[in-house]
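Each remark here refers to the structure printed beneath this line.
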Amino acid sequence: MKKPQNYYFEVISPEKAKALFREGKTEIYKMFSDDTEALIESEHDLDDAIDLSIELATENPIT
């Protein structure tokens, strides 16, 4: 039995992703077409994702 998720991903613009990443308080994820995601771990990683037009998102709790 699969455990239900208690969060969702909100897609954000590259500009917002850069601002949030620089603040360092919010984790930014790369979202892939196969329904997987990967944490952005560096500004270089973020820039590469933006250059490749990879969708970016934040994880938010379901309330």
Side-chain angles (χ1 to χ4, degrees):
M1 186 169 172
K2 198 172 186 179
K3 187 177 177 182
Q5 289 183 324
N6 57 354
Y7 62 89
Y8 67 97
F9 287 101
E10 179 182 354
V11 175
I12 57 174
S13 69
E15 295 79 17
K16 185 170 184 178
K18 281 188 171 199
L20 289 172
F21 188 82
R22 287 184 181 134
E23 284 178 8
K25 297 178 184 175
T26 305
E27 292 183 332
I28 309 298
Y29 292 86
K30 296 181 279 189
M31 307 302 291
F32 299 106
S33 60
D34 65 354
D35 288 332
T36 60
E37 68 276 339
L39 181 64
I40 298 283
E41 297 186 23
S42 68
E43 194 158 357
H44 179 73
D45 191 17
L46 178 57
D47 289 338
D48 284 349
I50 291 169
D51 290 344
L52 295 170
S53 298
I54 295 172
E55 212 166 54
L56 303 168
T58 57
E59 184 179 275
N60 299 293
I62 294 174
T63 54

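None of the values given here were measured: they were computed from a predicted structure.
- Under the rule for a side-chain hydrogen bond (donor to acceptor under 3.5 Å, both in side chains), the partners of E27 that lie at least two apart in sequence or sit in another chain are Y29.
- Under the 4.5 Å side-chain heavy-atom criterion for Ile, Leu, Val, Met, Phe, Trp and Tyr, Y7 and M31 are members of the same hydrophobic cluster.
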key: Verdict with supporting geometry, I28 and K18, side chain to side chain contact (heavy atoms under 4.5 Å, CB included)   = CA-CA 9 Å; I28 309 298; K18 281 188 171 199; over 6 Å; no

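- In this structure, E55 has no side-chain hydrogen bond (donor to acceptor under 3.5 Å, both in side chains) partners at least two apart in sequence or on a different chain.
- For E59, there are no salt bridge (Lys or Arg N to Asp or Glu O under 4.0 Å) partners at least two apart in sequence or on another chain.
- There is no path of hydrophobic side-chain contacts, each under 4.5 Å, that joins F9 to I12.
- No single ILVMFWY cluster, assembled from side-chain heavy atoms under 4.5 Å apart, contains both I54 and I40.
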Step-by-step side chain to side chain contact (heavy atoms under 4.5 Å, CB included) determination, L56 to K16 = CA-CA 9 Å; L56 303 168; K16 185 170 184 178; over 6 Å; no

task = Tell me, with the steps shown, if K30 and L52 meet side chain to side chain contact (heavy atoms under 4.5 Å, CB included).
result = CA-CA 11 Å; K30 296 181 279 189; L52 295 170; over 6 Å; no

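- The hydrophobic cluster containing F32 does not contain L39, counting ILVMFWY residues as joined when their side-chain heavy atoms lie under 4.5 angstrom apart, directly or transitively.
- Summarising the geometry, atom CG belonging to L46 is positioned 9.5 Å from atom CG belonging to D51; distances are rounded to the nearest 0.5 Å.
- Crowding of D34 atom CG: a count of heavy atoms from other residues, nucleotides or ligands under 6.0 Å exceeding 12.
- The distance from atom CZ of F21 to atom CG of D45, rounded to the nearest 0.5 Å, is 7.5 Å.
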